[in-house]
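Order of listing sets the numbers, starting from 1, for every ligand and every atom in it.
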Amino acid sequence: MPAPLRTAGFHHITMVSTDAPRTLAFYRDLLGLALVKKTVNFDDPDAYHLYFSDRVGEPGTILTFFEWPRSPRGRWGVGGVHHLALGTGDAGTQLMWKRRLTDAGVGVTGPLDRGYFKSLYFTDPDGQILEIATRGPGYAIDEPADALGVELVTPPSERLPDGRDGDAIAALTHPEPVPEVTDAMRLEGIHHISALTDDLAEAGAFLEGALGLRLVKKTYNQDDGRTKHYFWARYDGDQVAPHSALTLFDWAGSTQGARPGAGQTHHIAFRARNEEEQLAWQDHLRGLGVDVTPVLDRTYFRSIYFRAPDGLLMEIATDDPGFAVDEPAAELGSSLRLPAWLEPRRAEIERSLTPLARR
Ligand SMILES: [Fe+2]
Ligand SMILES: [Fe+2]
């Protein structure tokens, strides 16, 4: 018997931008991520596909954007992502982010104490909801580390809206301006992704059965104290892997479906180690009756796509070959890269794209 398939966590998340230069200014210049690949949407070559990441493009730290200038504004709802959380070291570096963002004119809420981490919320220029979350203290604060996700945990009153001192939270910030992203505050990639479902049990069974994730926390939304909020992650019964937590809010009975578009997540991608493991995933998913695409060559990884039962578009992407496959590692993101079959159209494609500022 082969070992059961368990994803290591997220590979990347893909969102929709209406303005590539503005997205570059926000994610590279303000949030300090590296542009690791400048290419086009292989299914729509007149549109940019920008990849941001840490320096080298490690899976789990990758944020990508399709640029669709005429896309209508999307809306979050069932079958869609509500927000993306990026990690930072601790409460101190989180406050530095609050100061840096507010000084840049970005409206920020928090930091709110979620128990397992502290959270700061804001939106990107297209309206995508973002969070910066502290690395810890982690999910073992109210359950044993080797038995996470067992109890339904009621958050203590001081973490609920009525128990918070909103004025004190709003006033809290770093005392000095933060003109540069310091090494200590550098964003650590995907901390968690939170989505909305109308069937928590079915969605959870899919995350467990299809992707090999495990339930690590059953609690309530700490902004209303009522809505169930469950967390799944890559968990071996001891440690919760970084870049692997998918959380679901229970919107049972809701008719508000997610509407794709600007300011929304297009899809989320999980990791397969290599091509061989990806084919095993494809077989496994088909065996569960899931409609899966053929393997598509995305140059930097290979991809299969499918939908969760509530409609959330998912991908499994391989760790290899990575972003250094078509330009030197030291020059990632510096020039427009095209797959071989689009090279004959380079001049025409370059004319259709807005030039992006170099750093
Ligand atoms: Fe969150
Ligand atoms: Fe993708």
Strictly by modelled atom types, are Gln256 and Trp251 linked by a side-chain donor-acceptor pair under 3.5 Å? no
Please say which of Thr109, Ile132, Leu120 ends up in a side chain to side chain contact (heavy atoms under 4.5 Å, CB included) with Lys98. Leu120
Between Arg226 and Phe249, is NZ or CZ placed under 6.0 angstrom from the six-membered ring centre and within 45° of the ring axis? no
Does Phe66 have its ring centroid less than 6.0 Å away from the ring centroid of His49? yes
What protein N/O/S atoms are there under 2.8 Å from the Fe ion (ligand 1), waters excluded? His83 NE2, Glu131 OE1, His192 NE2
Are a donor atom and an acceptor atom from the side chains of Thr14 and Thr64 found within less than 3.5 Å of each other? yes
Near the Fe ion (ligand 2), meaning under 2.8 Å, how many protein N/O/S atoms are there? 3
Determine, using the 4.5 Å side-chain heavy-atom cutoff (strictly less than), whether Val108 and Leu112 are members of one ILVMFWY cluster. no
Does the side chain of Tyr230 come under 3.5 Å of the side chain of Asp250 through a donor N or O and an acceptor N or O? no
Does the pair Arg135/Glu188 count as a salt bridge with the N-to-O cut at 4.0 Å? yes
Residue pair Thr318 / Asn274, side-chain donor-acceptor N/O under 3.5 Å: no
